[in-house]
Amino acid sequence: MAWAGKMLRVNLTEGTCKSEPLNMEWAHAYLGQRGLATKYLTEEIDPKVDPLSPENKMIMTTGPLTGTCASTAGRYSVVTKGALTGAIACSNSGGYFGNEMKNAGWDQIIFEGKSPKPVYLYIENDKAELLDASAHWGTSVWDTEEGIKHNHGDPQIRVASIGVSGEQGVKYACVVNDMHRAAGRSGVGTVMGSKNLKAVAIRGTLGVSVKDPKRFVQATNDGKKVLADNAVTGQGLPAMGTQVLMNVINETGALPTRNHRDNQFESANDIGAEAMAKVRETDGKANLITNAACFGCTIACGRISQIDRTHFSVAERPQYHKASGGLEYEAAWALGAATGVGDLEALTFANFVCNEQGIDPITFGATLGAAMELFEDGVLTEEQTGMSLKFGDAKALCEMALLTGKGEGFGAELGLGSKLLTEKYGRPELSMGVKGQEFPAYDGRGIQGIGLAYATSNRGACHLRGYTIASEVFGIPVKTDPLDSDGKPALVKAFQDATAAVDSSGLCVFTTFAWTLEDFAPQIDAACEGDWTAERLLEIGERIWNLERNFNNAAGFTAADDNLPERLLKDAAKTGPSEGKVNELSKMLPEYYELRGWSHAGVPTNETLSRLGL
Amino acid sequence: MQIILKLYAGLTPFLPAGAQNNQIAIEVDEGTTINAVLDAHNCPRKLCHLVMHNGFHIPPGERDARVLREGDALAAWPPIAGG
């Protein structure tokens with residue numbers, strides 16, 4: 001119940017698709033999605049495998065509540081060894097694809113091997129087959145999705161695909177579904193491309209059954225009421241989206257700017273939610289057209305935008321004149337503040353291109369920021385880059401997005417990500433990330449806890465593995481001082497464990513602005529066999545965290561990788577309330593290890609593993 | 001004396017005429033508190049969820065007592081989150 005109880009194993013080398021029963025013992029220990037797929041992956045691959053070799057596997061996975069009537073029940077994840085990081089990767093996406101996969105009767109799909117030619121997987125409920133994708137190879141996500149729907153004469157098919165970037169080996173290619181929702185981080189799309197797998201297309205009409213339907217409807221309605229009554233999930237997010245944070249984080253002095261040289265951006269108000277809603281002088285319209293919701297979501301934080309047709313980025317490119325997926329905060333920060341570009345229309349264009357060609361806008365923007373610093377320092381020249389790459393250059397942002405999306409020109413070098421790029425040019429200290437993955441939109445000097453969360457994140461620098469911003473800035477569930485590192489190790493651990501459980505449920509982590517695990521538990525308990533409590537979910541979250549950690553340790557990561565760039569540890573923030581602050585990682589990390597039950601070397605002790613059943 | 005008042009998101013409509021980029025310089029008396037400024041601009045206290053004084057968070061219980069000084073920045077948001 002809730003779980004479909006079966007998964008599809010696709011051997012791309014052999015061209016076979018086989019149904020297998022789901023390991024229900026593991027489902028009860030890891031819940032689903034992130035946890036369950038990570039269990040499968042860690043059992044089936046060598047942690048030291050080359051992420052882009054046929055021996056790596058890629059799992060598309062849903063949670064037990066995916067496809068049900070619970071709010072936000074459209075989530076799925078892509079789990080693999082990340083191309084960008086070499087660490088465990090789990091990238092989560094919304095839209096409608098996850099729901100379709102679950103309603104076709106599959107909890108997850110394991111892809112193994114490598115196809116000898118480009119293919120796409122087509123699923124119609126129980127039927128699954130690999131089809132020739134040669135006509136789609138070399139085309140964008142947008143064209144691929146439309147083309148596959150046309151192939152089957154069915155506009156209701158849901159498609160997840162890679163763009164040209166994933167084919168070309170750009171290290172941070174995404175898997176994009178429903179045109180502009182993405183399993184975005186860590187290069188999961190690069191792994192997909194390495195397997196010659198262009199897309200997965202699904203039509204599912206079987207429905208999802210639950211243990212106690214009457215109680216489930218009541219529990220999910222209760223949950224929806226909590227979301228609707230909460231000022232953040234009921235009003236703030238649908239009205240303003242995540243972009244409302246641009247001015248908030250800038251005011252706190254924690255908006256990383258120009259590759260973290262600065263911690264406040266003078267043009268923040270030009271690229272945030274308020275700017276998106278402002279009527280333009282040029283055409284009398286606002287950048288923001290409307291908000292949008294993923295499958296079953298009662299929050300609807302998504303943004304749909306339309307670029308000013310007179311803007312230089314699209315004046316000669318009518319294909320970008322239509323409304324499409326607009327800026328979310330993390331993308332706007334990376335494409336804007338990290339590069340010093342304060343042109344909202346240029347940011348929106350670059351975001352469209354990231355969606356169109358399937359590249360992670362966070363890593364792209366942050367890598368361009370690093371390249372701009374190399375350029376301003378004279379390490380890179382115009383001869384090498386093809387154009388001026390000074391901070392704040394909107395035309396450079398747009399041009400480099402186009403080149404990186406196709407892996408062409410200097411875009412091929414930007415496609416390496418900031419770690420390899422800065423190493424190549426002898427300035428590795430300019431890569432702003434952890435474990436090879438770039439920071440998102442919060443400065444660890446001005447917000448101490450998020451610095452520790454970045455340093456210890458199992459998939460490389462990431463805000464979504466432990467979003468302590470909720471507490472340190474918004475006061476959810478309780479307000480803590482962002483400038484004080486005391487108590488942050490416990491806060492980080494609590495957020496990491498709870499998030500791992502939420503990521504395994506099939507629901508969206510944004511519900512946690514209103515819900516605690518006490519709100520999840522009755523919904524899962526009414527849907528799934530067994531007894532589900534908040535305590536059990538938290539234990540599952542901790543089990544998942546340690547499972548991921550064990551994989552990374554076996555892959556070759558050590559405590560030395562739980563670190564931050566020297567810029568955050570030695571160069572004090574220059575302005576605002578965080579002026580004079582560095583991140584106090586060395587103080588927080590030992591306490592974090594102790595709370596986790598890990599040795600000084602960052603290895604889970606036998607006692608910890610035993611307690612968690614690992 | 002002069003301070004900078006910044007109102008964002010659902011509080012934007014409470015900015016006085018002449019505000020640009022969600023902020024405006026306003027004249028206030030010496031000794032003016034945070035809540036006095038927000039009240040004077042008809043900002044519903046229930047909506048003033050996140051309030052920052054020069055970038056530092058000020059909880060509701062301290063807003064009646066916190067006195068502003070020349071050149072200070074006062075920023076406020078309704079309940080928001082994201083990420």
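Throughout, protein chains are lettered first and strands after them, A, B, ... in sequence-line order, and every chain is numbered starting at 1. The shown structure was predicted, so the numbers you read here are calculated from the model rather than taken from an experiment.
- Both the backbone and the side chain of B/I80 come within contact range of chain A, with heavy atoms under 4.5 Å apart.
- Within the 4.5 angstrom heavy-atom criterion, no atom of A/N250 approaches chain B.
- Other residues, nucleotides and ligands place more than 12 heavy atoms under 6.0 Å from the CD atom of B/Q2.
- For A/I469, no part sits under 4.5 Å from any heavy atom of chain B, backbone or side chain.
- Of all residues spanning residues 470-482 of chain A, those with a heavy atom less than 4.5 Å away from chain B's heavy atoms are A/V473, A/F474, A/I476, A/K479, arranged by number.
- Of the listed residues A/P577, A/G236, A/C301, the one with more heavy-atom pairs under 4.5 angstrom with chain B than any other is A/P577.
- Using a distance-only test at 3.5 Å, with no hydrogens or angles considered, a donor-acceptor pair links the side chain of A/N269 to the main chain of B/N21.
- Between A/Y467 and B/G82, the closest heavy-atom pair is OH-O, 2.6 Å.
- Contacts classified as ring pair (Phe, Tyr, Trp, His ring centres under 6.0 Å) and involving residues 1-48 of chain B (residues at least two apart or in different chains) are given here: B/Y8-B/W77.
- Residues satisfying the side chain to side chain donor-acceptor pair (under 3.5 Å) criterion with B/N54, sequence neighbours excluded, are B/D72.
- For the residue pair A/M240 and B/A9, the shortest heavy atom distance occurs at CE-CA, 3.5 Å.
- Not counting sequence neighbours, the partners of A/Y329 by the ring pair (Phe, Tyr, Trp, His ring centres under 6.0 Å) test are A/Y442.
- Residue A/L483 touches chain B through its side chain alone, counting heavy-atom pairs closer than 4.5 Å.
- Closest heavy-atom contact between B/A73 and A/E251: CB-OE2, 4.2 Å.
- Atom CD of A/E281 has 12 or fewer neighbouring heavy atoms from other residues, nucleotides or ligands inside a 6.0 Å radius.
- With a 4.5 angstrom heavy-atom cutoff, A/V248 touches chain B via backbone and side-chain atoms both.
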